[in-house]
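This report refers to the structure that appears directly beneath it.
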Amino acid sequence: MRARYKPWALDFLKENEKFVKLNPSDWKNKWQTAFENDHPIHLEIGTGKGQFLMGMAKQFPNTNFIGIEVVESILVSAVQKAVETTPENVCFINEDAKDLRTMFEDNEIDKIYLNFSDPWPKARHAKRRLTHETFLEQYKQVLKKNGEVVLKTDNRQLFDYSVESFSQFGMKIEEVLLDLHEIEDPTNVMTEYEEKFSSKGQPIYRCRAQF
Ligand code: SAM
C-alpha cells in the first residue's frame with residue numbers, strides 16, 4: 001500500500017491517543033483495561049487505511065479490534081476514520097508486527113486477521129511473509145488456546161505458501177476458499193485491497209486456520 005509521505009503524521013497520531021497506543025508495551029496484559037470491558041480482542045496485522053477494522057468494529061460492537069500498521073503515513077487514514085466515527089471498540093498501534101510479544105501477553109488475543117499481506121515473492125524474503133513460521137510462533141503464543149488466524153489475499157502464491165505453512169506448523173485448516181465472493185457471507189467486510197482487486201474480477205482467496 002502506497003501513501004504520500006506526511007510529515008505531520010506522527011504528531012497526528014500523538015494527538016489522537018484515544019485511538020492510538022504509541023507505547024503498546026505499556027498495555028501488555030492490560031488491553032481489556034484500555035477498552036474498559038472484558039470483550040474478546042481481535043487483531044489485524046497490516047491494517048492499512050483501516051476500512052476492514054472499522055467495518056468489523058461496527059458489525060461486532062461486543063468485540064474489541066486492534067489494528068497494527070507499520071507505516072505511519074498510511075495509519076493516519078485509519079485513525080482519521082476513527083476520529084470521525086468515535087467507535088468505543090477500536091484502537092491502533094504504529095509498529096512492526098515482528099515484535100508482537102512485546103505488546104501482548106500470552107493468550108491475550110482471540111483472533112488474528114491477515115488481509116492482503118505483502119507477498120514477498122522472492123524466496124530469500126520468505127521470512128518476511130506474515131505467515132512464515134517465525135510469525136506463526138508469535139501468533140500461537142499471544143492467541144488463546146484454539147485461537148484462529150484468518151487470511152485473505154488476491155495472491156495465489158502467498159495463499160498456497162500460507163496454507164502449507166499453517167499445515168506444517170500443525171494448525172487445523174478450517175476453511176480454504178478459492179473464490180470468497182462466490183459464496184454468501186454476510187459477515188465479510190471488504191478491505192481496500194479486496195475492493196480494488198475484486199472490482200477487476202480477480203478471485204479473493206480466504207483461509208481460516210486454528211492452533
Ligand atoms: N490490509 C489492507 C487491505 O487489505 O487493504 C492493506 C494491505 S497492504 C498490501 C499491506 C499493509 O501491511 C501495508 O499497509 C503495510 O505497511 C502493512 N505491513 C506490512 N508488513 C507489516 C508488519 N510487519 N507490521 C505491520 N504492518 C505491516
Side-chain angles (χ1 to χ4, degrees), residues 1-6 9-10 12-13 19-25 27 42-59 65-82 90-104 109 111-122 124-139 141-143 149-159 161-162 165 177 180-181 185 187-200 202-208:
M1 181 168 277
R2 288 172 196 276
R4 202 164 29 88
Y5 171 65
K6 296 173 183 140
L10 195 54
F12 178 81
L13 298 182
F19 297 112
V20 185
K21 301 295 181 232
L22 285 169
N23 299 306
S25 55
W27 294 95
H42 292 191
L43 184 67
E44 185 190 15
I45 301 178
T47 206
K49 295 181 180 173
Q51 176 171 305
F52 172 82
L53 205 77
M54 296 299 295
M56 291 293 282
K58 194 172 173 195
Q59 187 172 170
F65 290 91
I66 302 176
I68 301 185
E69 171 54 56
V70 69
V71 180
E72 64 206 30
S73 298
I74 295 176
L75 185 60
V76 291
S77 301
V79 176
Q80 276 166 337
K81 290 184 178 77
V90 169
C91 79
F92 297 99
I93 296 172
N94 181 209
E95 294 283 346
D96 192 314
K98 69 178 167 38
D99 298 323
L100 279 189
R101 281 176 286 215
T102 64
M103 308 172 216
F104 302 104
I109 302 297
K111 200 182 271 201
I112 291 178
Y113 300 98
L114 305 172
N115 289 323
F116 298 80
S117 307
D118 297 334
W120 296 107
K122 292 184 178 150
R124 69 174 191 275
H125 292 147
K127 277 194 162 179
R128 298 183 194 178
R129 296 176 196 149
L130 291 180
T131 48
H132 186 271
E133 64 170 320
T134 52
F135 280 98
L136 299 185
E137 277 161 17
Q138 290 200 80
Y139 304 160
Q141 203 168 326
V142 302
L143 276 170
V149 176
V150 185
L151 169 84
K152 287 199 284 187
T153 181
D154 64 304
N155 186 297
R156 185 64 194 254
Q157 284 75 29
L158 178 68
F159 188 72
Y161 167 87
S162 301
S165 182
L177 287 178
L180 167 62
H181 295 163
D185 182 354
T187 63
N188 184 50
V189 174
M190 296 244 260
T191 81
E192 277 95 353
Y193 269 60
E194 186 171 352
E195 278 188 355
K196 188 170 99 177
F197 291 119
S198 59
S199 72
K200 290 180 185 166
Q202 287 178 232
I204 304 301
Y205 309 111
R206 185 171 77 186
C207 176
R208 293 190 297 112

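Computation of the quantities below employed the complete heavy-atom set of this structure, encompassing side-chain atoms and omitting hydrogens, waters and symmetry-equivalent molecules. Residue indices begin at 1 and follow the sequence shown. For ligands, and for the atoms within them, numbers begin at 1 and follow the listed sequence.
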Polar contacts were defined as any N/O atom of the residue lying under 3.5 Å from an N/O atom of the ligand; does this apply to [X] and ligand 1?
X: Gly46; result: yes
X: Thr191; result: yes
X: Glu194; result: no
X: Asp96; result: yes

Near [X], which atoms of ligand 1 are under 4.0 Å from a heavy atom of that residue?
X: Glu44; value: 1 (N)
X: Glu192; value: 5 (O)
X: Phe116; value: 4 (O), 7 (C), 8 (S), 9 (C), 10 (C)
X: Ile74; value: 14 (O)
X: Ala97; value: 22 (C), 23 (N), 24 (N), 25 (C)
X: Val71; value: 16 (O)

Nearest-option assignment for atom 17 (C) of ligand 1, heavy atoms, candidates Glu69, Lys49, Lys196, Arg129: Glu69
Pairwise side-chain contact, Phe197 with Phe116, heavy-atom cut-off 4.5 Å (strictly under): yes
Minimum side-chain heavy-atom gap Glu72-Leu13 below 4.5 Å: yes
Ring-face cation of Arg129 near Trp120 (centre distance under 6.0 Å, axis angle within 45°): no
Salt bridge (Lys or Arg N to Asp or Glu O under 4.0 Å) between Arg101 and Glu95, intermediate numbers included: CA-CA 12 Å; Arg101 281 176 286 215; Glu95 294 283 346; over 6 Å; no
Value rounded to 0.5 Å, distance of CG in Leu75 from CD in Gln80: 10.0 Å
Among His42, Glu44, Lys152, side-chain hydrogen bond (donor to acceptor under 3.5 Å, both in side chains) partner for Tyr113: His42
Sub-4.0 Å heavy-atom approach of Glu95 to ligand 1: yes
Contact with ligand 1 for Gln51, non-hydrogen, under 4.0 angstrom: no
Taking atom types as modelled and ignoring hydrogens, do the side chains of [X] and [Y] form a donor-acceptor contact shorter than 3.5 angstrom?
X: Lys21; Y: Asn94; value: no
X: Asn155; Y: Thr153; value: no
X: Gln51; Y: Glu195; value: yes

